[in-house]
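Some notes on the structure that comes next.
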Amino acid sequence: MFGKVLVANRGEIAVRVIRALQELGVASVAVYSELDRDALHVARADESYLLGGPTAAESYLNIERILEVATQSGAEAVHPGYGFLAENAAFARACREAGIVFIGPSPEAIDAMGSKTRARELMAAAGVPIVPGTTETVDDVQAAAKIIDADIGYPVAIKAAGGGGGKGFRVALSADELQEAFEGASREGEKFFSDPTVYIERYLPDPRHVEVQVLADGHGNVVHLGERDCSIQRRHQKLIEEAPGPLVDAELREQIGKIATDAARAVSYSGAGTIEGLLGERDGHREYFFLEMNTRVQVEHCVTEMVTGIDIVKEGIRVATGEPLSFTQADVQLRGHAIECRINAEDAAKKFAPAPGAITTYREPSGPGVRVDSGVGPGSEISPMYDPMVAKLIVWDADREQATRRMLRALGEYEIGGLTTLIPFHQTLLDTSQWAAGETCRDLLEDPKWLKSTAPPAAPAAAEGEESEADKVEQTYTVEVSGKRFDVRVIGPPFAGSSNGAGPAEAVRKAPRRERSGGGGAAGGGDALVSPMQGTVLKVAVQAGANVEEGALVAVIEAMKMENEITAHKAGTVAELPIAVGAAVASGDTLAVITSASD
Ligand code: MV4
C-alpha cells in the first residue's frame, strides 16, 4: 500500500478520498486554492498545500504545481477525484513521467474513451452495442442529410466528437431542424473541447440513463457492480440517482453487465469506471446501447456502494498499487435499494440558477440507512467559482418505496441555513406519483410552473395596505402548553427592547419598513418600554428628561445570569423612569416611558 497520497481535488469528493485513505492507513495530502483556505477537505487531510489563486487554472488544473507538491510532500500517488484533471490524459502521462502513480486508468484508455467517435468505433469492434449512427465525424450539413436519409432516419441526435455529459448535444426531429442542430453541436464542441467535429446517432425517445459501474485491476480481472439509473436530469446535470434501476431485472442486469465488462476490457481498463448507456424501447422490446465511458470515480458511485457493500474508492486505490481485486463477480450481490439526492446550492424555481452564499447554521441528517457525503459545514462559503454541488444525501432501505420514505425523512432533517438549495425540490419530486411509478419525470423537470411550486413558502412580509402599523418582526418561540411542546412563529410588532437577546429562539428578521402616510397617532408599541423578562436591574443608562435615539441603551437587566441590554424602542424624551439599580422587575413591567416630539 502507498504511504502517502495527494488528493488533487476539493469539496465532497476530496473528503471522500481522504476518508478512504485514512481507513487504509495512508497519509493524505490536500491541495487548495486561495478561496479554499478554510475548506473542509483542507482540515481533514494530514497535510495541506496552497496551489495558487482562485481560478481552477491557477489551482486544481495546475498540473505543474500539483506535481511539484506531490514531489515536495513525498506522495507516491495522486487521486484525481472527478472533474478537474480526472479525465485528462496529459495529466496521467505527466504523473507517469514524474514517477507518481495516477490512481485511475492508463492515459491510453482515457484517450480512447475521450474521443466519442473513437470510442464508438472501438466498442462496435468489441461487439458492444452502440446507438445506431456514424462512427466517424460528419463533415457538413449536406453530408449529414445524405447519411441520415440513407441509413438512420429522423429524429437524430447530433453530438460533438469531443463531447460528453450532454455538452454539444442537439436534436433534429426532422430535416428542417438539421442545420441548426448540426451547427449548434459543432459550435458547442468548439467552445468546450476545441473540437468542432460532430457525429450522428438515431435519437431515442424518452430513454432511461442506465450506467454500469466497473472495477478492473492490472491482472485482467474486470467485474461489474450492477447498474445505476440516473434518468432524473436537468440540462444533462444528474439530480437524483438510484441503484438498482427500477426497470432492470436480473436478466437485463447480466446482459448490460457483460456489455460493460466487454467495453472495459476493450481498452485494457484498470481502476473504477462507468459505462453510460441508454435503455430504450422499440417495437415492444427493450434495447440497451453504449453511450460513453467515464474513466473515473463518479459523483453517484455511493448508491452502488450502498447496495453492494463494496467500497469503490478503496478498491480503486488498492488496484492502483498493483494488487488484484479483492473479490470476484460471483461475490457481488445486490441488496435493497439506494437513492442519492444531489444537494446543490441552486434555486430550482429560478431555472436551477446557481445560488452561492454563506452557510450559517448547518445540521446533517442521520439515523438508520442515512449517509451524507459533504464538503461543507457551518460557516462554509459556497463560491460562484466552483461547482454548486455542496453535498450528497444517500439513503438505503430494503426496497425503493421504503428508501423513498427514508429519503423524505432525511431531507426533512437536513438544515442548511442561509443558503438556497435543492432540498425542497427533492422533497416535492420524491412525493409525486411519477417518481413512485419509476418514470423519468422529464415533463415535470421542463415545467416552469411545477418547478416554481417546489419553492418553499416565502416568509410572510408585512401586508400591503394596512394602515399605520409599526414595523413587524418575525420571531420563533418554543412554548409548552400543558407539557406539550410547540414551536410557534409570531409575526407582529417587536417586544420593546427585545432586540438584544430578549428571548427569540432565532434571529429576529425585520419586515420591510414602510412609510406611514398621514400624521398623528403613536407607533403601535406605544410610549411604554416594557421589560421582556423577569430579572434584576443591573444598570440604568439614561436619566429622566433625557432625549434618546431609537436603539439607545436604556437599561441592563440580569436574568438567568445573562446581562440583557434594553434599548429605546423609539426616539423621544424619557418622560418616566420608574426603575433603579438593584430593583426586581417582572416581564411586562414598564421600564421607561418615552414620548416623541410630536406627541
Ligand atoms: C441521447 C438521447 C436520445 N438519443 N442520445 C446524452 C447525455 C446525457 N446527459 C443525456 N443524453 C442523451 N443522449 C440519443 N441518441 C437522450 C439523452 C438525454 C437523456 C437520456 C436519459 C435520461 C435523461 C436524458 C435527458 C436529456 C437527454
Side-chain angles (χ1 to χ4, degrees), residues 82-83 87 113-117 119-120 123-124 128-135 137-138 144 147-148 151-174 177-178 181-182 184-185 188-189 192-193 198-212 227-243 245-248 256 274-282 286-296 298-300 303 340 342 351-352 389 429 434-435 437-447 451:
Y82 55 70
E87 294 179 279
M113 290 300 188
S115 160
K116 303 306 153 182
T117 43
R120 279 167 63 77
M123 292 304 111
V128 169
I130 59 173
V131 187
T134 68
T135 52
T137 58
V138 179
I147 294 167
I148 295 163
D151 304 324
I152 308 173
Y154 289 93
V156 291
I158 313 288
K159 300 188 178 185
K167 289 235 167 72
F169 167 76
R170 290 285 195 285
V171 180
L173 295 175
S174 56
E177 292 179 356
L178 181 62
F182 190 101
E188 222 166 277
F192 289 106
F193 314 103
V198 301
Y199 63 101
I200 306 171
E201 287 179 356
R202 190 174 94 206
Y203 178 72
L204 312 179
D206 200 27
R208 300 193 73 96
H209 176 119
V210 177
E211 60 186 33
V212 180
E227 77 288 351
R228 298 183 281 263
D229 189 309
C230 315
S231 298
I232 311 272
Q233 307 183 356
R234 165 83 192 181
R235 292 214 198 93
H236 308 298
Q237 291 298 312
K238 295 165 186 164
L239 297 170
I240 303 177
E241 303 98 344
E242 58 183 317
L247 268 73
V248 180
I256 65 180
T274 299
I275 304 298
E276 289 199 342
L278 294 179
L279 180 63
E281 213 184 275
R282 196 160 142 111
R286 290 189 294 191
E287 41 182 19
Y288 185 79
F289 298 112
F290 169 91
L291 207 54
E292 59 190 70
M293 181 170 193
N294 294 322
T295 54
R296 53 173 160 83
Q298 280 185 290
V299 174
E300 61 271 24
V303 289
E340 172 177 286
R342 296 195 185 190
K351 296 180 170 178
F352 291 82
M389 195 190 77
L429 189 113
Q434 287 96 324
W435 167 265
E439 293 175 13
T440 57
C441 303
R442 211 153 289 169
D443 47 342
L444 292 179
L445 294 162
E446 299 302 326
D447 179 357
L451 289 171

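Ligands are counted one by one from 1 in listed order, and the atoms in each one are counted from 1 as well. We number each residue from 1, following the sequence as shown. Note that these values count all heavy atoms, side chains included, but never hydrogens, waters or copies made by symmetry. Model, not experiment: these values are computed from the prediction.
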Exercise. Could you list the atoms of ligand 1 found under 4.0 angstrom from a heavy atom of Arg202?
Key: 4 (N), 14 (C), 15 (N)
Quiz item: Looking at His209, which atoms of ligand 1 are within less than 4.0 Å of one of its heavy atoms?
Solution: 21 (C), 22 (C)
Exercise. Provide, to 0.1 Å, the distance between atom 6 (C) of ligand 1 and the closest protein heavy atom, together with that atom's residue and name.
Key: Lys159 NZ, 4.0 Å
Exercise. Would you tell me whether Thr274 and Gln298 have side-chain atoms, one donor and one acceptor, within less than 3.5 Å of each other?
Key: yes
Practice problem: Find the distance between CG (Asp206) and CG (Leu279) and round it off to the nearest 0.5 Å. | Solution: 11.0 Å
Self-check item: Location of contacts on Leu278 toward ligand 1, heavy atoms closer than 4.0 Å
Solution: side chain
Quiz prompt | Inter-residue atom distance His209.NE2 - Asp229.CG, 0.5 Å rounding | solution = 8.0 Å
Quiz prompt | Heavy-atom nearest neighbour in the protein, as seen from atom 25 (C) of ligand 1, with distance rounded to 0.1 Å | solution = Gln233 OE1, 3.8 Å
Quiz prompt | Check ion pair Arg228-Glu340 (N to O, under 4.0 angstrom) | solution = no
Practice problem: Distance to 0.1 Å, residue and atom name: give those for the protein heavy atom nearest to atom 4 (N) of ligand 1. | Solution: Leu204 N, 3.0 Å
Exercise. Taking Arg120 for its side chain and Thr134 for its backbone only, find out whether a donor-acceptor pair lies under 3.5 Å.
Key: yes
Practice problem: Using distance alone, with no hydrogens and no angle criterion, decide if Gln237 and Arg342 have a side-chain donor and acceptor under 3.5 Å apart. | Solution: no
Quiz item: Counting heavy atoms only, which of Gly277, Ser231, Gly166 is nearest atom 7 (C) of ligand 1?
Solution: Gly166
Practice problem: Please report which non-hydrogen protein atom sits nearest to atom 17 (C) of ligand 1, along with the residue it belongs to and the distance in Å to one decimal place. | Solution: Phe169 CZ, 3.9 Å
Practice problem: Check each atom of ligand 1 against the heavy atoms of Pro207 and keep those under 4.0 Å away; list them by number with element. | Solution: 16 (C), 20 (C), 21 (C), 22 (C)
Quiz item: What's the shortest distance from atom 22 (C) of ligand 1 to any protein heavy atom, and which residue and atom give it?
Solution: Arg442 NH2, 3.0 Å
Self-check item: Protein contact of atom 10 (C) of ligand 1 - nearest heavy atom, named by residue and atom, plus distance
Solution: His236 ND1, 3.6 Å
Practice problem: Taking only Lys NZ, Arg NE, NH1 and NH2, and the carboxylate oxygens of Asp or Glu, determine whether Glu211 and Lys238 approach each other closer than 4.0 Å. | Solution: yes
Quiz prompt | Residue-ligand contact Val131/ligand 1, heavy atom below 4.0 Å | solution = yes
Quiz prompt | Sidechain N-carboxylate O distance under 4.0 Å for Arg208, Glu227 | solution = no
